[in-house]
Amino acid sequence: MTVELLLAAASEEQGHLLLDGAIMLGAALVFVTLFRRLGLGATLGYIVGGAMIGPYVFGLVGNAENIMAISEFGIALLLFIVGLELHPSRLWRLRRDIFGLGLIQVITCGLAIAALIHFFLGFSIEASIALGLPLGLSSTAQVLPMLRSTGEFHQPHGERAFSVLLLQDISIVPLITIIAAMSRAPGAEDGPPGWTLALYTVGAIVGLILAGRFILNPLFRLIGRMGERELFVVAGLFAVVASASLMSALGLSTALGAFVAGVMLAESPYRHELESDVEPFRSILLGFFFLSVGMLLDLSAIFDRPLLIVGVAAAIIVVKGAIITALGRMFGMEPFNALRLGLLLSQAGEFGFVLHAQAMQAQLIADSAVSLFGAVITLTMASTPFLMMLIDRLEARYGEDSKDKDGPEKAPKGQVIVVGYGRFGQTVAQMLMAKKIGVTMVDKKTDQIEMSEEFGHKVYYGDGTRLDLLRTAGAENARAILFCSDGEDVDHDRLEAVMEAFPQAAVMVRSFDRRHSISLDGLDLAFCVRELFESAILMGKAALTELGFSRSEAERVEDEYRKRDAERLERQSKTGDLHAGKELSFAADRSMEEEDQDDDKKS
């Protein structure tokens, strides 16, 4: 009878889990779709959906704390994917922003908010510090997907935002130490001292880097030779879980461990496949995290003291926005970019929920304070999409570069969008217009726009790598989107986002050089050409005929060079090694004539 009761209870529990999962997925589907259509972003949709099904509205799903504990792994996966995109050389390039701008932001914002809480809300100094320092952190889970979706991740303000967020994640370790040091709970003194946690952090990072070099990279090479896609998924998730578990066992940030795992594999030739394999897990778990945030939102606390919560949330946004904007200007950012950075990072973040819960366990703050500031954090996060809309409108209206320049919203919707109207884009666009194809031309260089207008060509102002601007230009109905700008502004992530947002459009790219072309490998581009490739071949062919070789012989050299170059590029893309296939390139001791002679001898 006991066994039967246990089986019945297990079956009932399984039924509840399935029902809860169906309700949560249904709420996510409805509210995220609605909020996406309204232009408010997926994050706010998840939070509102969670609030609707949570215990304070319809009460359809419980156990929000357990759901959040599991879904926090989504933040770790997000940091892992970000780490995959960062070569160590890029991290070294961003060191000034990470340890300069990021460190100053965490200290100044945290202390400023702690002072406001102490002097205006009457909390003790210890409670104010335990509440204020976590509120100085921003939402990695909200900001990074927003930057990736709009194509701003690799723009100056996007890179600075990432630098600050990375330092914030690292700072979780000292913040935990500070809360533990102030703890009033019995037995708190038994925890490890701060200097021990610091040593653990350094040791764990070094250990993970060594493991990546001598274990993970050889493992992925072995899996790559086997050609088993499922093993890539297993190995990728293993790298994240193992790194996060190590950090968790040491009492450190699991997200930081996942980030280090990503950086370890950033130079692997399999990083794009890893990213595509892990991305679905990241999206689902991160969505469940924000659903659980909405479910934990105590709406009665908001209804009891709405003015207080709104006032505190507004104060945090204003203080953080003003401080980060000022710091951005100090670090040489343009006014609107600095303001964009300030508003982008003005919200409190998800780690506030975690650190405030620890402060409650340390008996520094009461349960009511956790509920109050949980509502404040959620409200600040909900404000970010609206603040981004505001800065877009302000920049379009008052930005120096865009004054008197028409944006793509004024363009007639054509069949093709040409991004970049320089030397390359002009040729492409005019060939299309020769057949009366409607072309919308976009460029962000005001001098280029003014020069084009002198020749009777209407070019619209804007950054054509941003999804919102492309949508305004009519990309949802365009048959082709052609990226003709020079440099490496158009990277793998931006193109992938464009192709996902506008699947009906053929995407064509002018790549900068060989490395840029290799970085775009794996994308289903309609066309990709290195910007100097064809002109260099034409000159080489002309030089051969000028030196007395026949046209047919020059064409034979051209065909052979194209074939070898394509094979070299394929080998380099597969291995990630620029030296791969170097024996295919012609040199003083490797001419076609000598190879023809060797072939004759073999035959």
Can you tell me how far apart [atom1] ([X]) and [atom2] ([Y]) are? Round to the nearest 0.5 Å.
| X | Y | atom1 | atom2 | value |
| --- | --- | --- | --- | --- |
| Ile324 | Leu101 | CD1 | CG | 8.0 Å |
| Ile365 | Ile117 | CD1 | CD1 | 9.5 Å |
| Phe120 | Ser128 | CZ | OG | 12.0 Å |
| Asp97 | Leu341 | CG | CG | 9.5 Å |
| Ile323 | Ile107 | CD1 | CD1 | 12.0 Å |
| Leu131 | Phe373 | CG | CZ | 5.0 Å |

If you take all heavy atoms of [X] and [Y], which pair is closest and at what distance?
| X | Y | answer |
| --- | --- | --- |
| Gly462 | Leu469 | CA-CD1, 3.4 Å |
| Ala382 | Pro385 | O-CD, 3.4 Å |
| Pro134 | Gly352 | CB-CA, 4.1 Å |
| Ser124 | His118 | C-ND1, 3.9 Å |
| Met24 | Leu291 | O-CD1, 3.7 Å |
| Ala261 | Ala239 | CB-O, 3.9 Å |

Mark yes or no for whether [X], through its side chain, and [Y], through its backbone, hold a donor-acceptor pair below 3.5 Å.
| X | Y | result |
| --- | --- | --- |
| Ser346 | Gly321 | no |
| Arg466 | Leu470 | no |
| Arg160 | Phe331 | yes |
| Thr380 | Ile377 | yes |
| Gln347 | Leu344 | yes |
| Gln142 | Met381 | yes |
| Lys320 | Ile113 | no |

Please list, one pair per line, the donor and acceptor atoms closer than 3.5 Å that link side chains of residues 25-32 to other protein atoms, with sequence neighbours excluded.
none

[X] vs [Y] side-chain heavy atoms within contact, under 4.5 Å:
| X | Y | answer |
| --- | --- | --- |
| Leu165 | Gln168 | yes |
| Leu175 | Leu137 | yes |
| Met360 | His356 | no |
| Ile53 | Val57 | no |
| Phe162 | Leu147 | no |

Exercise for the section: Hey, could you give me each pair passing salt bridge (Lys or Arg N to Asp or Glu O under 4.0 Å) that has a residue in residues 115-135? Not counting sequence neighbours. Expected result: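 Of all non-adjacent pairs touching residues 115-135, those that pass salt bridge (Lys or Arg N to Asp or Glu O under 4.0 Å) are Glu126-Arg184.
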Exercise for the section: In sequence, state the C-alpha distance, the side-chain angles, and the governing distance for Ser383 and Ile317, and then conclude on side-chain contact (heavy atoms from CB on, under 4.5 Å). Expected result: CA-CA 9 Å; Ser383 71; Ile317 291 170; 3.2 Å; yes
Let me have the donor-acceptor pairs involving side chains of residues 307-315, under 3.5 Å, with sequence neighbours excluded, atom names and distances please.
none

Exercise for the section: Answer yes or no: are there more than 12 heavy-atom neighbours, outside Ile125 itself, under 6.0 Å from its atom CD1? Expected result: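 No, CD1 of Ile125 has 12 or fewer neighbouring heavy atoms, counting only those of other groups under 6.0 Å.
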